[in-house]
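The chain is numbered in sequence order, starting from 1.
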Amino acid sequence: MGKKSKKEKKGRGAEKTAAKMEKKVSKRSRKEEEDLEALIAHFQTLDATKTQIVETPCPPPSPRLHASLSAHPEKDELILFGGEYFNGQKTFMYNELYIYNIRKDSWTKMEIPNPPPRRCAHQAVVVPQGGGQLWIFGGEFASPDGEQFYHYKDLWVLHLATKTWEQVRSTGGPSGRSGHRMVAWKRQLILFGGFHESTRDYIYYNDVYAFNLDTFAWSRLAPLGAGPTPRSGCQMSVTPQGSIVIYGGYSKQRVKKDVDRGTQHSDMFLLQPEDGREGRWAWTRINPAGAKPTPRSGFSVAVTPNHQTLLFGGVCDEEEEESLEGDFLNDLHFYDAARNRWFAGQLKGPKSEKKKRRRGKKAEPEGADKQERGGAGAQEPLEVVREVVTEDGTVVTIKQMLAAPGSAGQPPSDEEDSPDEAGGPMVEPSPRSNAMLAVKHGQLYLYGGMFEAGDRQVTLSDLYCLDLHKMQEWMVLVEMDPGTQEWLEETDSGEGAEDSGGEAGAPARTVGPAERLADGLPGLQQYRVGLTLDNVVPHARKGAAHAVPHALCDDLA
């Protein structure tokens with residue numbers, strides 16, 4: 001054989017160099033994971049000093065996202081666990097447990113011995129057996145600088161009757177992950193998808209696991225048919241017919257070196273048990289009719305009293321190679337599995353207690369087109385556009401859609417308020433992603449979430465309630481407190497970043513005056529921001545729903 005050419009030698013040398021680099025990066029990743037394990041162990045040592053149950057009345061929890069909010073199966077209570085908060089320099093992880101008493105409108109902090117380690121982006125499912133149990137699987141722990149992630153694969157149960165935590169050790173379960181979804185199906189927990197990320201690489205999953213609540217054993221399911229592609233942050237809910245619905249979600253893939261492309265999925269699947277075959281399942285792709293949500297990520301999901309799946313808010317990203325724009329939303333969508341149809345959630349508005357007056361015109365002829373009745377004479381929503389310039393020169397455009405008094409997407413009635421009696425715009429949650437939802441006694445409760453303005457992140461701590469039977473208006477139970485919006489600038493040189501737990505040299509993510517940001521929140525229908533990918537802190541890109549480039553939810557009316 002002839003001698004190898006210089007080009008071939010150069011190519012072989014490049015391969016060896018790449019292999020050495022990969023080995024070095026892999027070794028560094030293992031070291032980073034070991035460092036995180038040591039930090040987690042340190043926090044667990046602190047938790048081990050708590051040997052008694054302590055219940056302390058407290059104000060509402062501090063701002064956080066990627067926590068879990070669950071309804072107690074027997075009591076009029078909501079259970080909030082875990083989550084994270086980023087103040088511009090440092091990421092804080094929580095394993096705090098809060099109880100919200102619905103009747104008393106009061107919060108209690110529960111300190112129970114042997115809690116799970118601090119985490120966010122986990123999944124929590126409540127089941128009624130044994131006086132009520134809260135099951136938690138997976139999630140992640142982030143380093144203070146938000147650069148390193150440890151993904152859990154542990155399973156915990158909180159026995160609500162005895163107020164005790166227990167770690168359930170069972171082999172054959174899912175690998176470590178976050179952004180997965182889990183539901184209770186009969187006497188099993190069914191888990192789907194999620195993702196795992198390190199500083200070196202990432203992987204998305206579409207595997208399905210079942211955990212038997214009687215035998216405490218994991219099994220991996222192998223459904224027949226073509227199912228969803230790997231993803232995280234999707235909708236997963238159980239239908240009245242006993243099937244499991246998977247909708248949407250987010251994934252990304254590397255298109256070239258240091259360039260990733262995200263996909264906001266909008267496909268939908270049914271996971272159904274096969275008749276007469278124990279443990280056998282099958283995938284079926286479905287295409288519902290109706291007012292479908294637009295592709296989004298970071299949306300929040302709950303199940304209504306009539307077994308419809310409710311989807312709230314999120315962010316719809318328009319991604320270019322060097323930039324990204326996101327629409328933050330606060331609309332509602334309902335999926336009716338019995339009719340395989342989506343419906344847009346429309347609020348009727350508050351009922352006026354004041355005296356009504358008859359409209360000063362004759363009744364419309366029978367069969368008159370309802371849209372014509374609400375046509376030229378109907379009041380159109382008022383769009384107010386404001387621009388806010390932050391300290392670093394970022395221009396934030398806020399579009400504020402003020403609904404016409406009494407309008408909720410419905411044709412006008414034969415009776416209406418007189419002009420001086422008509423109310424103002426309806427109160428509703430501001431556009432956001434990754435809000436926590438729970439339903440109890442037909443009431444939808446919404447806590448927290450976040451949105452971004454330029455390279456600035458606002459984490460919310462407000463609490464809203466909506467009667468799903470009446471669908472009239474949102475009630476504010478806890479208002480957003482601007483004083484809780486801490487945001488710390490980072491120096492250009494990155495000096496002192498390590499002391500504060502921040503990322504050295506990271507771009508500033510500054511909320512600026514909280515009052516100015518809060519000023520535009522109450523009536524927002526849409527919040528649109530533009531930012532460059534260079535201005536996004538890497539930690540904000542993963543999130544529970546894994547919207548790119550931030551952990552947000554996307555939804556469009």
Check your understanding: Does Gly448 offer a backbone N or O that forms a donor-acceptor pair with the side chain of Arg432 under 3.5 Å?
Key -> yes
Exercise for review: Could you tell me whether a side-chain N or O of Arg231 sits under 3.5 Å from a main-chain N or O of Gly248, the two making a donor and an acceptor?
Suggested key: yes
Exercise for review: Check for a donor-acceptor pair, side chain of Gln133 on one end and backbone N or O of Val157 on the other, with a separation under 3.5 Å.
Suggested key: no
Revision key, fill the gap. Closest non-hydrogen atoms of Ser62 and Tyr94, given as atom of the first, atom of the second and distance, are OG-OH, 4.0 Å
Exercise for review: State yes or no: are the ring centers of Phe312 and His333 separated by less than 6.0 Å?
Suggested key: no
Review point. What are the two closest non-hydrogen atoms of Ser461 and Tyr447, and how far apart are they?
Key: O-CE1, 3.7 Å
Review point. Who are the side chain to side chain contact (heavy atoms under 4.5 Å, CB included) partners of Arg169, not counting sequence neighbours?
Key: Gln167
Point to revise | Residue pair Tyr209 / Gly172: nearest heavy atoms and the distance that separates them | key: CE2-O, 3.6 Å
Exercise for review: Determine yes or no for a side-chain-to-main-chain donor-acceptor pair under 3.5 angstrom, with Arg64 supplying the side chain and Gly83 the backbone.
Suggested key: no
Exercise for review: For residues Met93 and Thr91, report the shortest heavy-atom separation together with the two atoms involved.
Suggested key: SD-CG2, 3.9 Å
Check your understanding: Is a salt bridge present between Asp336 and Arg341, judged by a nitrogen-to-oxygen distance below 4.0 Å?
Key -> no
Check your understanding: If you look at every heavy atom in Pro230 and Tyr204, which pair is closest and at what distance?
Key -> CB-O, 3.4 Å
Check your understanding: What is the ring orientation for Tyr335 with Trp342, classed by angle as parallel under 30°, tilted 30 to 60°, or perpendicular over 60°?
Key -> tilted
Review point. Minimum heavy-atom separation for Met110 to Ile53, with atom names?
Key: CE-CG2, 4.5 Å
Point to revise | Test log, rule salt bridge (Lys or Arg N to Asp or Glu O under 4.0 Å), inputs Lys163 and Glu55 | key: CA-CA 11 Å; Lys163 298 176 182 176; Glu55 303 181 29; 2.5 Å; yes
Check your understanding: Would Arg119 and Asp154 pass as an ion pair if we require N to O under 4.0 Å?
Key -> yes
Point to revise | Exceeds 12 heavy-atom contacts within 6.0 angstrom, atom CD of Glu111 | key: yes
Exercise for review: Using modelled atom types only, decide if a donor and an acceptor are shared between the side chain of His180 and the backbone of Phe137 within a distance under 3.5 Å.
Suggested key: yes
Check your understanding: Ion pair present between Glu140 and Arg177, side-chain N to carboxylate O less than 4.0 angstrom?
Key -> no
Exercise for review: Could you label the plane-to-plane angle of the Tyr98 and Trp107 rings as parallel, tilted or perpendicular, counting under 30° as parallel and over 60° as perpendicular?
Suggested key: perpendicular
Practice item. Flag the pair Glu96 and Lys109 as a salt bridge only when some basic side-chain nitrogen lies within less than 4.0 angstrom of an acidic carboxylate oxygen. Key: yes
Review point. So His151 and His196, would you call those rings parallel, tilted or perpendicular, with 30° and 60° as cut-offs?
Key: tilted
Exercise for review: Answer yes or no: does atom CD of Gln241 have more than 12 heavy-atom neighbours from other residues, nucleotides or ligands under 6.0 Å?
Suggested key: yes
Check your understanding: With no hydrogens and no angle check, is any side-chain donor or acceptor of His72 less than 3.5 Å from a backbone partner on Glu74?
Key -> yes
Exercise for review: Look only at the side chain of Thr45 and the backbone of Ala41, and say whether a donor-acceptor pair between them is shorter than 3.5 Å.
Suggested key: yes
Practice item. Taking atom NZ of Lys50 as the centre, report whether more than 12 heavy atoms of other residues, nucleotides or ligands fall under 6.0 Å from it. Key: yes
Check your understanding: So, does Trp281 use its side chain to make a donor-acceptor pair with the main chain of Leu224 at under 3.5 Å?
Key -> no
**Study point:** Straight-line distance of Leu160 CG to Ser70 OG, nearest 0.5 Å
**Key:** 9.0 Å
Check your understanding: Do Phe211 and Trp135 have ring centres separated by under 6.0 Å?
Key -> yes
**Study point:** Any donor-acceptor pair under 3.5 Å from Asn95 side chain to Pro116 backbone
**Key:** yes
Exercise for review: Step through it carefully: locate the ring centre of His122, locate the ring centre of Phe81, and say whether they are under 6.0 Å apart.
Suggested key: yes
